[in-house]
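Everything below concerns the one structure shown next.
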Amino acid sequence: MRFEAKRCGVQFSPPAIVLIYQHKDTNKVRKRIIPVRNFSKCSDYSTAAERLKNHPRHRDYLESVSQSQLERLHIILRDHMQGFSLEHSLASFQLDPDQDLNKLDDDELARKKGQMDRLFERNQRCKDDPDFVYDLEVDFHTKEKCSWDEESDDGF
């Protein structure tokens, strides 16, 4: 890997991915603007990101950029083409515990589930971790009681 990506962003007009990278041999920091062609507001962001990452002209520069980062940048571009603001696009990447996931379309639901999986893996504790505790018991204080939580007189 001759290039190390430092920062990655989007340019709305004309649609492009802006990459700030460092050349490993010379240690020079440079900027590369990668145009996003054949991408519309109806395009699939994951295939467009994969196509860009595997493009022979940009492959070496985007090697250290993750596929999910490129997908997020394409989602921001697609949302801008659909007329959404940047704040709306960035808010869609945040996990809202009160959001009803049943109302999302398949692409949005898959993206939210991927975010939840990454959050789970980041918070997961393995037995090799230094702060691992076997059989950890946590008392979750609930604010409201449910009828099925109360003991019944049926003898069960």
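All values reported here derive from a predicted model rather than from experimental measurement.
The salt bridge (charged side-chain N to carboxylate O under 4.0 Å, His left out) pairs that include a residue from residues 130-139 are R125-D131, where partners are two or more places apart or lie in different chains. Listed by first then second residue, pairs satisfying ring pair (Phe, Tyr, Trp, His ring centres under 6.0 Å) with a partner in residues 86-121 read F84-H88, not counting sequence neighbours. Residue pairs meeting the salt bridge (charged side-chain N to carboxylate O under 4.0 Å, His left out) criterion with at least one partner in residues 29-53, sequence neighbours excluded, are absent.
For Q115, the side chain to side chain donor-acceptor pair (under 3.5 Å) test picks out no residue, with sequence neighbours left out. S13 meets the side chain to side chain contact (heavy atoms under 4.5 Å, CB included) test with no other residue; sequence neighbours excluded. A search for side chain to side chain contact (heavy atoms under 4.5 Å, CB included) contacts involving H23 returns R2, F3, D25, T26, not counting sequence neighbours. With sequence neighbours left out, Q82 forms a side chain to side chain donor-acceptor pair (under 3.5 Å) with no residue at all. Residues satisfying the side chain to side chain contact (heavy atoms under 4.5 Å, CB included) test with D106, not counting sequence neighbours, are none. Partners of F39 according to the ring pair (Phe, Tyr, Trp, His ring centres under 6.0 Å) rule, which considers only residues two or more places apart in sequence or in another chain, are H74. Residues meeting the side chain to side chain donor-acceptor pair (under 3.5 Å) test with R78, sequence neighbours left out: none.
For the pair M116 and L95, the minimum side-chain heavy-atom distance is below 4.5 Å. Looking only at side-chain heavy atoms (C-beta outward), C8 and V18 stay at 4.5 Å or farther from each other.
With a 6.0 Å radius and a threshold of 12 heavy atoms from other residues, nucleotides or ligands, D96 has its CG atom above the threshold.
Side-chain N/O atoms of S43 and S40 include a donor and acceptor closer than 3.5 Å.
Through side-chain heavy atoms spaced under 4.5 Å, either directly or across other Ile, Leu, Val, Met, Phe, Trp or Tyr residues, Y134 is tied to F132. Other residues sharing a hydrophobic cluster with I20 under the 4.5 Å side-chain heavy-atom criterion for ILVMFWY residues are V29.
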